[in-house]
K.L.:
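This is the structure I have questions about; it appears just below.
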Amino acid sequence: MMNGHAILYTGVTLAFWSTITIIGICYTIFDLGFRFDVAWFLLETSPFMWALLGVGLAISLSVVGAAWGIYITGSSIIGGGVKAPRIKTKNLVSIIFCEAVAIYGIIMAIVISNMAERFTGTTPETIGARNYQAGYSMFGAGLTVGFSNLFCGICVGIVGSGAALADAQNASLFVKILIVEIFGSAIGLFGVIVAILQTSKVKMGN
Amino acid sequence: MEASKCSSKVQLLAFISFFFAFLATGSCSAQVPLLIWSSDSLPPLASPAAGHITSSDQWTAYLTSTFSSGSHTVLLFLQDKLSKDDFTVFGGVFGNKQDNVFHNLEAALQSASSSVIFQASEWLGSSAILALLQDKLDVSPLHVDPDTLAELSINTSVNNLLVISLPYCTGLHKPCKDILHGNDEIIGKVLSMVKAKNIPYTAIYTGLQPSRVISESSVLNQPAGRSLLQAPVPDVKPPIMFNVSGNPCIMLWAQNLNVSISGTLPWVDLATETPSVTKSRCSSNSSLLVLSYTSGYTLSFYMSQRFYPGSARNWFTLDMVQLQYKDLTGVFLGSRDISAPAEYSYHCSFVSSVEEPLLVPNNSDNKNTSQWMLNFVDFQIQGFGLANGTNFSYASDCAGFFSPGIWMGLVTGLIMLLILVYGLHMITHLNTMDRFDDPNGPLISVPQTE
């Protein structure tokens, strides 16, 4: 028998997909499929919603990645440091690599949020293509930097944890493992660069 | 005793009249009670049977016979609304004599030399009784205030008609009971003043209109049993139709077709006028509805229909709305929103160029027409595919099930819910390490030095 969590998640997923399926079948039977209009959804929802979702996701996903990495590395350093106290100071660099990921996130969040400007316009025609492009670009950039930093943080954290434990066994191993960590840290930077490219042409306003 | 007979009569009447009203065949007739009492003698009248509705001929004949000769001073107490039910509810007839608000009225009826009560006289209109009395007494009515009556001198050798207006419950400030009690006090005050002046009088207490109307439906027409009491639904006007060889080809219905030529003049509602549709034309892929009004306005609706490969069906769009007035033409482009599949009609609560604009004015280069505005309310149009007689096809509405705001709220809400659930999942799966637990092994020793 599954545990409580599995039952709950299965139930919610089943309810969600069955609702969608039944509504879709009803619309199809009554020849109302034309009412399912993705273009209407993308044009009627405000660009501000997308832009600010991007900002929120940029910082929050980055912080999740950093936090996850730090807790993985941190517990290993502290655990290893019990028997080999000399590793404590050297392995803080792994923590700093994880923290850098959070800093990328907050910088991008501030950069993206500064691009959100006021515009007058309530209908798709009066809002204009440029504002829609701005909104979606900011959402995309936020998503990019957020998810890149999330996985980068986890990666650096696990590698850092391994580094700490290896260092506790044999001090010469630390420098070699640090190279692996640097490669892991680079992928977070890629996310930041792509996000900057995505928002380079953003101009919101009238 | 007159009082107990009156109250028990009202009680009995209330029960029997409701029973009879349910079975009575006849149209819905409104009735108002008519109470007449006099210090002189009134012509005798056989008491009507319970539930009997005195027809207008009967009570007009009775009043005519009463005032045919001699000079009378008539006090007409006209309450805004009066029904038999007011006496039932507020007359203390269910054994609660102390709640009776009609003390003075009862006392007057008891002490009068003669009195006649029509519990339900057929109501002909709010000015019927006044007009009748005016006619019979041949004197114009004098509306008096009970406070000023004391100073009024009444000449008893001629006919006098004094009208005292009494309010009915509005439900706003005072409860109904207090208002009717106030009316009763006014009746008492007026009667005591008239008695003090020793003037022979005839008093009539009735209502301008009934306060409650129970519709009596014929058993033959409707099945007996419970039915919904609903206000009569006003007739809906038919849509504007352009017919080709007998069948409608274009149909338009709108509650209001408001147009504005200048900001200072009020909006003109073209839907109140009848247009001529002769200049319209109808074909398989383009339709034009031209409404020519006698007031000088001409409203044209340009529609087109074609096949769209993306969705693989035919769609029709309202491309343009043109307003012409006195050789000036204002053009309003329909945005792509005014569209529907070609088999269906398009309906929208508001189609306007001002608030939530679906029609974009294209007049900025012409200074005469740049101020023109359109506002159509409850608008439904169909230009193609009319095969269902004079009915519109299914109406594809401009408003969907969820508004854009609801969608935005759902998206952000669901994202946050997802994050919350994920976070809670992680927290509930936190574990402490138990890899090196060895309950039987040696305890951990922590060296004090590095």
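Note that these values count all heavy atoms, side chains included, but never hydrogens, waters or copies made by symmetry. Letters go in sequence order (proteins before strands), and every chain restarts at 1.
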K.L.:
Do the non-hydrogen side-chain atoms of B:F401 and A:R35 ever get within less than 4.5 Å of each other?
P.N.:
no
K.L.:
Checking an interface table here. Which of residues 412-420 of chain B come within a heavy-atom distance under 4.5 Å of chain A?
P.N.:
B:T412, B:I415
K.L.:
What are the two closest non-hydrogen atoms of B:M408 and A:S46, and how far apart are they?
P.N.:
SD-N, 3.2 Å
K.L.:
Is it the backbone or the side chain of B:M426 that comes under 4.5 Å from a heavy atom of chain A, or both, or neither?
P.N.:
side chain
K.L.:
Does the side-chain contact (heavy atoms from CB on, under 4.5 Å) test come out yes or no for B:W407 and A:W40, once each step is laid out?
P.N.:
CA-CA 11 Å; B:W407 278 118; A:W40 177 88; 3.5 Å; yes
K.L.:
Report, as yes or no, whether the 6.0 Å neighbourhood of atom OH on A:Y9 holds more than 12 heavy atoms from other residues, nucleotides or ligands.
P.N.:
yes
K.L.:
Considering only heavy atoms, which portion of B:V421 lies under 4.5 Å from any heavy atom of chain A: side chain, backbone, both, or neither?
P.N.:
both
K.L.:
More than 12 heavy atoms of other residues, nucleotides or ligands under 6.0 Å from CZ of A:F147: is that the case?
P.N.:
no
K.L.:
Which atoms of A:T45 come close to chain B, meaning under 4.5 Å heavy atom to heavy atom: side chain ones, backbone ones, both, or neither?
P.N.:
both
K.L.:
Less than 4.5 Å apart, side chain to side chain, heavy atoms only: is that true for A:F34 and B:S396?
P.N.:
yes
K.L.:
Against chain A, work out which of B:S403, B:G423, B:P341 has the most heavy-atom pairs shorter than 4.5 Å and name it.
P.N.:
B:P341
K.L.:
Side chain, backbone, both or neither: which part of A:D31 has an atom under 4.5 Å from a heavy atom of chain B?
P.N.:
both
K.L.:
Evaluate side-chain contact (heavy atoms from CB on, under 4.5 Å) for A:L53 paired with B:V411, printing each intermediate quantity in order.
P.N.:
CA-CA 10 Å; A:L53 268 180; B:V411 164; 4.3 Å; yes
K.L.:
Using 30° and 60° as the class limits, which term best fits the ring planes of A:H5 and B:H425: parallel, tilted or perpendicular?
P.N.:
perpendicular
K.L.:
Is the CD1 atom of A:I106 crowded by more than 12 outside heavy atoms at less than 6.0 Å?
P.N.:
no
K.L.:
For the residue pair A:F30 and B:Y394, establish whether any side-chain heavy-atom pair is separated by less than 4.5 Å.
P.N.:
no
K.L.:
Side chain, backbone, both or neither: which part of A:L32 has an atom under 4.5 Å from a heavy atom of chain B?
P.N.:
side chain
K.L.:
Is A:L8 in contact with chain B via its backbone, its side chain, both, or neither, using a 4.5 Å heavy-atom distance?
P.N.:
neither
K.L.:
Output all residues satisfying disulfide bond (SG atoms under 2.5 Å apart) with A:C152, sequence neighbours left out; order by chain, then residue number.
P.N.:
none
K.L.:
Is there side-chain contact between B:Y422 and A:V64, with at least one heavy-atom pair below 4.5 Å?
P.N.:
no
